[in-house]
Amino acid sequence: MKIQLKNARVVDPTLGIDGLFDILIVNGIIQEMGHHLGGNPVNYEINMRSRMVVPGLFDMHIHLREPGFEYKEDIMSGISAAANGGFTGVACMPNTDPVMDSADVVKYVIDRASHNPLVSVFPIAAITVGRKGEQLSEMRDLAESGAVGFSDDGSSVLDSQIMRLALEYSSMLNLPIIQHCEDSSLTKGGPANESRNSVRYGLKMQHHLAEELILQRDLKLLQAFSGKYHATHISTAGSVDLVKNAKRNGLPVTCDVTPHHLFLDDSLLFDYDTNLKVNPPLRTKEDCEALIEGLRDGTIDAIASDHAPHAIHEKEVEFDAAPFGMIGLETTLGVIMTKLYHTRILSISEIVSLLSVNPRKILGLPIPKIEPGASAEVTLIDPDLEWTVNPEEFLSKSRNSGFRNWKLKGSPVGIIHGQKMFLSARLR
Amino acid sequence: MNDGIRHLLGLRELTAEEITEILDTAKSFREVIDRPIKKVPTLQGTTVVNLFFESSTRTRISFELAERRLSADVVNFTVSGSSVSKGETLKDTARNIEAMRTDIVVIRHSSTGAPHLLSRLLKSAVINAGDGINEHPTQALLDMYTMRSKFSTLQGLRVCIVGDIAHSRVARSNIFGLTKMGARVGVCGPRTLIPSYLDQFGVIEFYDIDRAIEWADVLNVLRIQLEREAGGQFPSIREYRLYWGINRQRLEKARKELVIMHPGPINRGVELDGDVADGQTSLILDQVTNGVAVRMAVLYLTGVRKS
């Protein structure tokens with residue numbers, strides 16, 4: 001199959017490219033790249049009219065819910081949602097049922113995902129058996145089965161000795177320990193951030209120190225022992241400072257942030273919309289600003305959605321009873337383009353680093369490159385397309401978006417991944 | 001009530017004018033309940049459901065009396081625990097009941113925001129009879145009604161709420177309502193029972209009960225939930241009583257006579273001594289009587305708009 005992308009603005013930060021090119025892809029390989037390619041008959045010709053082609057985006061923190069919770073999402077629907085969101089690769093969290101703490105479950109997920117190679121699915125296995133925080137999982141076996149990192153996401157590894165062991169053991173495998181930072185003794189209080197707004201709305205609260213204390217402890221452990229450490233979905237100004245200082249001291253630490261922690265704050269909880277109930281909770285405007293600054297100054301390495309699908313009947317309940325989480329695969333790029341690109345806070349090249357290059361680096365995965373001879377793995381982006389978020393149109397099985405009715409500027413319009421291609425209806 | 005107020009979800013959402021309208025309406029219903037025949041036909045043909053997901057004797061009885069005195073048809077639905085634990089969602093429960101053609105739903109629930117959720121799901125008017133730690137608007141309205149009857153205005157009145165402020169919907173509704181009506185609000189209790197960020201409401205914080213007594217015209221004393229002790233929010237009931245319990249000796253040190261209020265039920269000898277609760281300046285039983293009138297007003301203002 002031959003695909004030709006004409007007049008594409010190719011942005012590849014790894015190669016330092018930002019310019020207009022025609023790209024010829026033959027049987028999944030970028031064969032030619034240049035100006036005014038032509039002559040050869042092709043199966044598909046897409047005139048990009050200066051719209052962007054970038055290395056395939058990667059979401060390093062999503063929940064595919066399979067096995068166990070297929071009514072929320074399954075691997076196939078998750079892959080569709082990822083493709084629709086412009087992602088050619090995702091890493092999925094292990095809080096499935098059964099928990100992804102054994103080679104069997106890792107292999108199951110990889111096998112299921114292989115039925116649709118449009119999006120590569122990389123499992124993140126549990127750090128501890130059953131995500132209980134008590135005993136290390138069989139990390140080496142999990143790694144050899146295809147796990148690309150370890151996390152007990154949804155809860156923290158609270159026991160300091162277990163955390164030390166996890167860092168040291170995983171250092172043999174050169175895979176990161178991905179921590180959801182939450183001191184649960186401080187979060188028993190409730191589902192909302194402790195803040196002026198939550199006090200006003202009468203919500204039960206948890207203090208932001210619940211996140212920062214675990215992060216700080218982990219950074220101390222990291223300083224003393226070996227290991228690669230990644231703090232996922234950091235959400236507070238204090239966490240940004242902690243990571244910034246740790247990096248200054250040369251620690252092997254990385255972190256990611258979600259679009260909702262960047263752009264939604266706890267003032268929005270006034271009518272108790274359970275789609276805004278997430279963990280960590282939405283923080284204050286000041287925290288949002290600190291997170292954006294953390295992206296700008298390079299403290300934060302990656303943007304990840306924490307795509308957490310839940311069925312409507314699970315979310316249409318009392319705030320205290322609703323499960324944590326919102327979906328994000330199909331809104332991340334639009335939100336980031338609207339709030340960071342069109343506001344000139346970040347360049348497109350920086351955005352591609354945060355959404356494609358860095359997450360793969362953190363997980364030790366190869367970085368797709370846009371050059372002749374490389375395997376094709378690209379995302380097509382229309383930076384100026386205006387659209388309104390309507391979760392009813394999503395390919396995810398779930399609708400629990402916190403960005404419903406947001407007017408966005410910028411959208412993925414397709415992906416090409418090897419022999420596979422997905423073109424959005426938005427590509428005109 | 002104007003168009004903005006279809007439901008009574010909380011006092012956070014109301015304006016001073018709307019609160020005044022409720023209190024003024026309550027005044028005429030207070031006259032009704034002092035008559036030998038305490039009943040008016042105002043809500044004849046209107047069906048009210050009391051949907052109580054948390055046990056409460058007095059609030060439910062007060063609502064039920066208010067409903068019956070307005071000639072409404074009344075259905076009581078009481079479940080212990082959350083609807084979820086019983087296997088049916090709040091949405092299903094409420095919609096099933098509404099399918100029987102009800103007009104007003106009075107809801108008490110242990111989760112903040114449950115009445116707000118119902119107001120989005122139902123066509124009925126929704127009245128919040130207490131949600132989580134958020135609000136208990138009719139309690140605060142009856143407290144304000146009682147204070148206004150005693151002092152003729154709330155403007156400038158100094159009201160100190162004593163007890164577990166952090167977990168009290170009564171405290172929060174009082175803070176919203178009283179500050180909107182021009183009263184000054186203080187809170188007093190152990191630091192661990194007073195949430196941060198109260199300064200945004202202009203609330204004064206006291207940790208010393210004697211200073212609070214010195215400052216206040218009215219003490220609104222909250223029930224100390226005995227399970228908070230077990231939760232470690234303060235060291236012991238004994239210590240609470242020693243340093244924050246309201247007793248005769250403490251009140252006698254004040255230069256003026258303080259009005260004593262309490263939403264009930266009282267833990268006598270814990271947050272409030274019996275002789276003070278029963279004393280000359282206690283308005284506790286007036287609160288109970290006024291509660292029926294205030295709830296009649298709220299039912300009338302939300303119910304009449306429906307019919």
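Letters go in sequence order (proteins before strands), and every chain restarts at 1.
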Subject >> Least distance between heavy atoms, B:Leu121 atom then A:Glu316 atom >> reply: CD2-OE2, 4.0 Å
**OP:** Locate the shortest heavy-atom distance separating B:Asp199 from A:Arg196; write the atom from each residue and the value.
**Re:** OD2-NH2, 3.1 Å
Can you measure from [atom1] ([X]) to [atom2] ([Y]) and round to the nearest 0.5 angstrom?
X        : Y        : atom1 : atom2 : result
A:Tyr272 : B:Leu117 : OH    : CG    : 12.0 Å
B:Glu13  : A:Asp271 : CD    : CG    : 9.5 Å
A:Glu314 : B:Thr89  : CD    : OG1   : 11.5 Å

Original post:
For B:Arg120, does the CZ atom have more than 12 heavy-atom neighbours from other residues, nucleotides or ligands under 6.0 Å away?
Top reply: yes
Original post:
Is the number of heavy atoms from other residues, nucleotides or ligands within 6.0 Å of CZ (B:Arg191) greater than 12?
Top reply: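 Yes, enclosed.
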**OP:** Quick one: do A:Phe319 and B:His116 satisfy side chain to side chain contact (heavy atoms under 4.5 Å, CB included)? Show the steps, please.
**Re:** CA-CA 10 Å; A:Phe319 198 84; B:His116 305 70; over 6 Å; no
Original post:
So which residues of residues 198-206 of chain A are in contact with chain B at a heavy-atom cut-off of under 4.5 Å?
Top reply: A:Val199, A:Arg200, A:Tyr201, A:Gly202, A:Leu203, A:Lys204
Original post:
Can you say whether B:Arg169 sits under 4.5 Å from chain A via the side chain, the backbone, both, or neither, judging by heavy atoms?
Top reply: neither
